[in-house]
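Below you'll find the structure, written out as structure tokens, and then a few comments.
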2 protein chains.
Amino acid sequence: MARAGLTTERLVRAGAELADEIGFEQTTPAELARRFGVKTASLYSHLKNAHDLKTKIALLALEELADQVSAAVAGRAGKDALTAFANVYRDYALKHPGRFAAAKFRLDPETAAASAGVRHAQMTRAILRGYDLAEPHQTHAVRLLGSVFSGYVGLETAGGFSHSAPDAQESWTEILNALDTLLRNWPTTS
Amino acid sequence: MARAGLTTERLVRAGAELADEIGFEQTTPAELARRFGVKTASLYSHLKNAHDLKTKIALLALEELADQVSAAVAGRAGKDALTAFANVYRDYALKHPGRFAAAKFRLDPETAAASAGVRHAQMTRAILRGYDLAEPHQTHAVRLLGSVFSGYVGLETAGGFSHSAPDAQESWTEILNALDTLLRNWPTTS
DNA sequence: GCTGCTTGCCTAAGCATCGTAGGCAAATGC
DNA sequence: GCATTTGCCTACGATGCTTAGGCAAGCAGC
């Protein structure tokens, strides 16, 4: 019988595509094996188990997203950097919903520490270099930005803003504008 | 053999507790049956299937959360209402992580339309009555608030802010303060 | 082109879950 | 006490995850 040419790499890449098509939750060894026209058991020389597959897709997604954000933010500052970061993040999520869901997959601590997740945190903080925010306000602002981005895109991909005016793009633009204003006038006393 | 006294109501309530203990994803008919000391098949006269169980837990969580938020917001306005809403929301999520995850469960459109989810939207909008925001800015602000709340709490429950200073409570307080400032000075031109 | 080794995908099997169908016994009404 | 209803059961089929071991495809050397 002809061999399918399975490798961990190919399986993970195909798994990411599968996630975008049918959802991250539904991306399982059985489904992946069907896609390659092989038996499920054949995957287990390349993947430890179902959890390992999901973890590797999550790491791929984090990496891709960090690369794209990094490229978009390079050479920009202030509001320019803010919107570049935000738009790349959102576009990635809308274009790759399965990978985006994968990026939220709960990794165990040491895997997370070695993942591209840390680059996301660094880049978020880098954006704030264009604004005049001292610690601890800077950390609070980093957390706000992370919350807005992941929250907005999470709600949008979950269908939260469909079937209601104004459309999601318009809100997104205005929210970024509002965040820029807020960062330039961050209240340091309550 | 003595009967266990299963009802849909009891199963869903137990399912919600189970979700808080072991996670929403792990809350399945098999696990629930074990908890009641009955066979899995016995659940199927009270629940259509596994998806039905999850849907009903999600509806319960949305209802509980809407009730608590509603009680907290009543009689308050402006920043007072904002922080009351936000704190109840966050406290619920931290106290009931499984239910909170359930509240994010993707419902089919007509179920969602009949759920307490619409009360959440109404209450978020009610908060903005204390701020002077005309449409379409009001809708954009509603979406921002929803994004921040769900985003922040989502990241926090996922462990995003643990093991790093300052602690999550401090950021939360400052972020609510910043949001209040932003809502009082919402930029209406870019 | 043959021989033998490596490696990749296979079959077989165990175990768990979801969900359906039909049976028996406990609760309820008279 | 008897009949009916109802609730939980056993039995089963389908599907998925995962391990163990087998066989043949592909490559190395001659």
Side-chain angles (χ1 to χ4, degrees), chain A residues 1-61 98 101-102 104-108 111, chain B residues 1-61 98 101-102 104-108 111:
Chain A
M1 204 171 296
R3 297 191 178 182
L6 304 183
T7 65
T8 303
E9 162 96 18
R10 286 190 63 198
L11 286 172
V12 173
R13 303 207 72 83
E17 284 164 29
L18 198 55
D20 287 335
E21 291 168 25
I22 66 173
F24 182 61
E25 283 308 315
Q26 283 68 50
T27 300
T28 58
E31 201 63 47
L32 193 55
R34 264 191 289 277
R35 161 146 315 197
F36 276 91
V38 301
K39 299 294 174 183
T40 308
S42 305
L43 305 189
Y44 285 81
S45 18
H46 306 282
L47 299 168
K48 246 181 50 217
N49 50 37
H51 184 271
D52 183 44
L53 170 62
K54 291 195 168 188
T55 298
K56 286 186 160 64
I57 295 174
L59 292 174
L60 172 69
K104 291 187 275 190
F105 186 62
R106 182 75 123 123
L107 301 173
D108 62 286
T111 307
Chain B
M1 203 171 295
R3 298 193 176 181
L6 304 183
T7 65
T8 303
E9 162 96 17
R10 286 191 62 200
L11 287 172
V12 173
R13 303 206 73 82
E17 284 164 30
L18 198 54
D20 287 335
E21 292 168 24
I22 65 172
F24 182 60
E25 283 308 316
Q26 283 68 49
T27 301
T28 60
E31 202 62 48
L32 194 55
R34 263 190 290 275
R35 162 148 312 201
F36 276 91
V38 301
K39 298 295 174 182
T40 308
S42 305
L43 305 189
Y44 286 85
S45 17
H46 306 282
L47 299 169
K48 247 180 51 220
N49 49 39
H51 184 270
D52 184 43
L53 170 63
K54 292 195 168 188
T55 299
K56 286 186 161 63
I57 295 174
L59 292 174
L60 171 69
K104 291 188 277 192
F105 186 62
R106 181 78 122 123
L107 301 172
D108 61 283
T111 306

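Keep in mind that this is a model prediction, so the values were computed, not measured. Letters go in sequence order (proteins before strands), and every chain restarts at 1.
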- request: Kindly indicate, with the supporting measurements, whether the criterion side chain to side chain contact (heavy atoms under 4.5 Å, CB included) is fulfilled by L107(A) and L59(A).
  value: CA-CA 9 Å; L107(A) 301 173; L59(A) 292 174; 4.0 Å; yes
message: Can you measure D52(A) atom CG to dC17(D) atom C1' for me and round it to whole angstrom units?
response: 14 Å
- request: May I ask you to evaluate whether T40(A) reaches the phosphate of dC17(D), defined as a side-chain N or O under 4.0 Å from OP1 or OP2?
  value: no
- request: Starting from C1' on dG26(D), measure out to CG on L6(A) and report it in whole angstrom.
  value: 15 Å
- line: Picking from dG19(C), dC9(C), dC8(D), the nucleotide nearest the side-chain atoms of S45(B) would be dC8(D)
field: Pair E9(B) + R13(B), salt bridge at N-O below 4.0 Å
entry: yes
- request: Could you tell me the separation between the OH atom of Y44(B) and the P atom of dC9(D), rounded to a whole number of Å?
  value: 14 Å
- request: Specify the separation, in whole Å, of atom CG of N49(A) and atom C1' of dA16(C).
  value: 15 Å
task: Give the ring-plane orientation class for F105(A) versus H51(A), where under 30° counts as parallel, over 60° as perpendicular and anything between as tilted.
output: tilted
- prompt: Does anything in residues 9-38 of chain B reach DNA chain C, meaning a heavy atom under 4.0 Å, and if so which residues?
  reply: T28(B), P29(B), A30(B), R34(B)
statement: Of dC17(D), dC18(C), dA20(D), the nucleotide closest to the side chain of A41(A) is dA20(D)
- prompt: Are the side chains of L32(A) and T27(A) in touch, meaning some heavy atoms are under 4.5 Å apart?
  reply: no
task: Round to the nearest Å and state the distance from H51(A) atom NE2 to dT18(D) atom C1'.
output: 16 Å
- prompt: Where do E21(B) and R35(B) land on the salt bridge (Lys or Arg N to Asp or Glu O under 4.0 Å) test, with the steps shown first?
  reply: CA-CA 12 Å; E21(B) 292 168 24; R35(B) 162 148 312 201; 2.7 Å; yes
message: For a quick check of understanding: with a heavy-atom distance under 4.0 Å over all strands, which category does H46(A) fall into, base, sugar-phosphate or nothing?
response: sugar-phosphate
- line: Here the distance between atom P of dT18(D) and atom NZ of K39(A), to the nearest Å, is 18 Å
Closest heavy-atom pair and its distance - G5(B), R10(B): O-NH1, 2.8 Å
field: Any side-chain heavy-atom pair of P29(B) and L47(B) under 4.5 Å
entry: no
message: Distance check needed: dT18(D) C1' versus K54(A) NZ, whole Å only.
response: 16 Å
